[in-house]
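Working notes for the structure below.
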2 protein chains.
Amino acid sequence: MKPVTLKQIAETLGISITTVSKALKDYPDVSKKTKRLVKELAETLNYKPNAFAVTLRTKESKTIGLIIPEVVHHFFSSVIKGIIAQAEKKGYLVIILQSNESYELEKKQLDLLLSKRVDGVLISLANGTGDFKHLNDLMAQDVPLVMFDKIAKIVNCSKVIINDRKAAYTATKHLINSGCKRIAHFRGPLLPQNSIDRFLGYKEALTDNAHTYDPSLVYILEDMSFDEGTYFAGELLKDHNDVDGIFINTDLVAIGAIAEFNKRGVKVPEDISVVGFSNWFMSSVINPSLTTIDQPGYKMGKTAFKLLYKEIKTRKNNQTLTYKTVELKTDLIVRESTNLY
Amino acid sequence: MKPVTLKQIAETLGISITTVSKALKDYPDVSKKTKRLVKELAETLNYKPNAFAVTLRTKESKTIGLIIPEVVHHFFSSVIKGIIAQAEKKGYLVIILQSNESYELEKKQLDLLLSKRVDGVLISLANGTGDFKHLNDLMAQDVPLVMFDKIAKIVNCSKVIINDRKAAYTATKHLINSGCKRIAHFRGPLLPQNSIDRFLGYKEALTDNAHTYDPSLVYILEDMSFDEGTYFAGELLKDHNDVDGIFINTDLVAIGAIAEFNKRGVKVPEDISVVGFSNWFMSSVINPSLTTIDQPGYKMGKTAFKLLYKEIKTRKNNQTLTYKTVELKTDLIVRESTNLY
DNA sequence: CGATTTAACGAAAACGTTTTCGATATCTAA
DNA sequence: TTAGATATCGAAAACGTTTTCGTTAAATCG
């Protein structure tokens with residue numbers, strides 16, 4: 001009933017634990033005959049090494065931690081999938097924790113992972129995170145850390161990101177090229193770097209192209225939900241009847257806005273063009289389908305793990321490590337919600 | 001740099017490791033003064049017990065494994081969220097593995113979890129799984145197992161499910177009540193219990209209500225994708241021009257079908273009524289919005305963990321355990337894709 | 001044949017805890 | 001004053017591995 005141990009194998013075979021262990025790992029100083037005997041018995045007994053004993057001894061847990069703001073989210077679940085897939089290839093397991101966009105929870109989860117002695121941590125920051133002591137503490141304890149998507153530029157570690165600013169610039173430029181004259185922007189909360197950068201890209205595209213930047217056209221949303229999309233779409237129509245284009249921080253909000261526009265008889269893209277951000281699966285399915293920026297979640301997950309893995313290895317070999325920031329390519333996906341043909 | 005251990009605390013305080021350990025766990029046989037000293041030092045040194053040593057000693061890893069067919073999926077990510085949330089409350093961590101709907105991978109992942117000595121495992125079966133030896137082996141090794149959503153009735157363990165048959169019955173009945181005369185069905189692959197039960201519910205609703213069951217109206221899909229939805233919608237229109245209602249196994253497919261209907265000028269619900277299954281977020285957002293069965297993923301996750309937790313506890317206390325199957329309520333969400341007002 | 005290499009194995013320490021069981025030292029009661 | 005109770009501590013074993021370093025016996029060599 002209880003799991004099989006090396007000791008049991010050793011006793012039934014009348015040899016030492018040491019030899020059993022070595023036999024299973026193909027040490028050169030054990031005879032072929034003994035190896036065969038041990039391996040056969042291990043097989044029939046369905047022996048599995050106790051991972052905790054191994055970890056205790058070798059200091060390698062072969063487990064990494066992942067902290068994300070929200071699991072139920074197309075982008076993040078793609079990231080998860082990418083990470084798990086890549087981790088599996090290297091024999092790593094991944095423990096997933098949610099911060100629910102809360103700084104306090106994020107700290108707590110990090111503590112938990114630390115006590116579990118994970119070999120490394122992958123994190124995408126909560127919106128509320130403005131202080132980075134917990135991350136620096138982690139670094140100080142010498143546990144490899146790589147941040148992705150929602151990062152803190154200040155923290156000195158490897159990162160994998162997209163160029164939010166450039167992508168937002170492209171999105172806004174696309175609206176300008178489509179002939180839009182008054183372009184609004186729904187942005188995210190003030191803290192996370194993404195919403196800042198996307199806003200900056202929007203602004204830069206305007207001023208670069210002889211559009212005047214009008215702060216009253218920028219709306220700051222809180223939770224980036226469908227309902228916020230419908231609400232602020234209503235506000236926008238009330239405040240500015242001359243807006244003919246809008247760049248929206250996130251597809252979900254954009255979809256909410258489009259729903260509201262549809263409901264009020266405002267035609268997309270004839271009356272107002274809409275560009276989203278993320279390329280959720282959903283955005284290709286709604287009517288009209290949404291022009292958006294493709295954000296490669298799966299690839300980001302894979303890359304983030306690869307970076308972490310490399311860090312784990314270089315530390316293990318006592319090589320000097322350098323932090324890298326890899327920037328993933330984003331694409332503008334033109335669909336029906338903008339009218340550039 | 002290296003993590004703090006009991007030994008270090010003991011040495012700097014000039015007391016034994018035993019006393020330090022006891023002090024931290026508030027054993028009665030250590031003086032208040034010593035306790036204070038130990039706790040203070042532990043705090044300033046940021047001591048965290050080595051989880052692997054603890055596990056090795058206590059046989060409790062405080063970690064559970066979760067195997068699901070696919071991470072990037074609204075329903076499953078909701079389940080994940082529910083599980084993580086509940087696990088956190090009880091101090092458990094969860095390791096997530098994907099089977100990618102493959103039986104072979106499912107077996108491998110289970111093996112992995114076993115070697116990690118998780119305290120229990122939560123699983124939703126891959127579509128391809130028709131043999132259950134790996135699950136029975138797990139049970140034989142005395143590790144708690146609870147299955148959810150995609151289960152095997154044959155395996156003797158706790159389960160949390162919805163009544164797929166009843167829900168499908170309700171969905172089909174709703175089409176009948178809406179006045180549909182010829183009702184088709186897009187079903188899933190032959191193996192998983194869900195698609196069998198949903199099909200059975202569909203069939204039963206027909207025969208219970210003076211509709212003749214016509215096998216040619218049932219289409220068997222493979223991967224349940226958006227594209228399959230569009231493809232089979234086309235096939236359906238080609239094969240049967242008299243169909244006026246359809247019950248579809250999954251929202252994603254239903255959304256594909258509706259997109260195809262829209263494209264071909266077939267009006268939903270005027271020409272054909274559509275009912276989906278799952279209540280993805282997306283289904284409230286498309287046009288027309290989709291009538292569907294709400295499948296409570298988050299709650300299912302919470303319930304599954306609770307069941308597992310209870311099993312872990314009763315085994316620990318050597319109490320006799322009985323397997324429970326809890327059935328979660330589903331609701332019919334009536335929206336625009338059916339015309340019952 | 002003696003010396004040396006090689007092959008095969010095992011003892012033991014270590015990883016960091018938890019917990020049982022004794023060992024002191026102090027205190028109380030008679 | 002002394003027997004017993006009580007308070008406080010620590011030694012040591014155990015959990016299941018991995019790995020270093022010996023040890024022995026057989027094989028090889030000159």
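Just so we're clear, the structure is a prediction, and the values are computed from it rather than from any experiment.
A:Phe52 comes within 4.0 angstrom of no nucleic acid atom, judged by non-hydrogen atoms across all strands. Residue-level contact check: B:Thr55 touches neither bases nor backbone, having no heavy atom under 4.0 Å from any strand. Residue B:Thr18 is in base contact, counting any heavy-atom pair closer than 4.0 Å across all strands shown.
The shortest non-hydrogen separation linking A:Val326 to A:Leu307 is CG1-CD2, 3.7 Å. The two residues B:Asp119 and B:Lys62 make their nearest non-hydrogen contact at OD2-N, 2.7 Å.
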Self-check item: Dot-bracket encoding of pairs in DNA chain C, which uses [ ] for pseudoknotted crossings and | for another strand, Watson-Crick or G-U under 3.5 angstrom
Solution: ||||||||||||||||||||||||||||||
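We find that CG of A:Asp26 is positioned 14 Å from P of D:dT19, with the value rounded to whole Å. Distance, B:Ile17 CD1 to D:dA14 C1': 14 Å, rounded to whole Å. Atom NZ in A:Lys2 sits roughly 15 Å away from atom C1' in D:dA14 (whole-Å rounding). In this entry the distance linking NZ of B:Lys33 with C1' of D:dT8 reads 12 Å, nearest Å. As a whole-Å value, the separation of A:Lys116 NZ from C:dG16 C1' is 14 Å. Nucleotide D:dT20 holds its P atom 11 Å from the NZ atom of A:Lys25, rounded to whole Å. Separating the CG atom of B:Leu24 from the C1' atom of C:dG16 is a distance of 13 Å, rounded to the nearest angstrom. For A:Lys35 and C:dA7, the NZ to C1' distance is 12 Å, given to the nearest whole Å.
Of the candidates C:dC9, C:dT19, D:dC9, C:dT19 carries the atom nearest the B:Tyr27 side chain, counting heavy atoms from C-beta on. Of the candidates D:dT19, D:dG16, C:dT19, the closest approach to any side-chain atom of A:Asn50 belongs to D:dG16.
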Exercise. Test B:Met300 against B:Phe76 for side chain to side chain contact (heavy atoms under 4.5 Å, CB included), laying out the working first.
Key: CA-CA 10 Å; B:Met300 187 171 275; B:Phe76 283 123; over 6 Å; no
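Within 6.0 Å of NZ in B:Lys313 there are more than 12 heavy atoms belonging to other residues, nucleotides or ligands. Heavy-atom neighbours of A:Lys48 NZ from other residues, nucleotides or ligands within 6.0 Å: above the threshold of 12.
Taking the side chain as every heavy atom from C-beta outward, A:Lys116 and B:Phe52 never approach each other to under 4.5 Å. With a 4.5 Å cut-off on side-chain heavy atoms, B:Leu66 and B:Leu97 do not count as touching.
For D:dC9, the OP1/OP2 oxygens have a side-chain nitrogen or oxygen of B:Ser31 closer than 4.0 Å. Note on B:Thr19: every side-chain N or O is 4.0 Å or more away from OP1 and OP2 of D:dT8. Within the structure, a side-chain polar atom (N or O) of B:Lys59 is placed less than 4.0 Å from OP1 or OP2 of D:dG16.
Remark: A:Leu113 CG to A:Ile67 CD1 distance equals 5.0 Å, nearest 0.5 Å. To the nearest 0.5 Å, the span separating NZ on B:Lys81 from CD on A:Gln98 amounts to 5.0 Å.
For DNA chain C, the residues of residues 4-16 of chain B within the heavy-atom distance limit of 4.0 Å (strictly under) are B:Val4, B:Thr5, B:Leu6, sorted by number.
Along DNA chain D, the nucleotide nearest to B:Arg117 and the one nearest to B:Val30 differ in position, and the one closer to the 5' end is contacted by B:Val30.
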Please produce a list of atom pairs where a protein N or O lies less than 3.5 Å from an N or O of nucleotides 21-27 of chain C.
none

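Side-chain N or O atoms of A:Glu106 include none that pairs as donor or acceptor with a backbone N or O of A:Ser99 at under 3.5 Å. Proximity of a side-chain donor or acceptor of B:Lys35 to a complementary backbone N or O of B:Tyr27 within less than 3.5 Å is detected.
Using a 4.0 Å cut-off between charged side-chain N and carboxylate O, A:Asp111 and A:Lys107 make no salt bridge.
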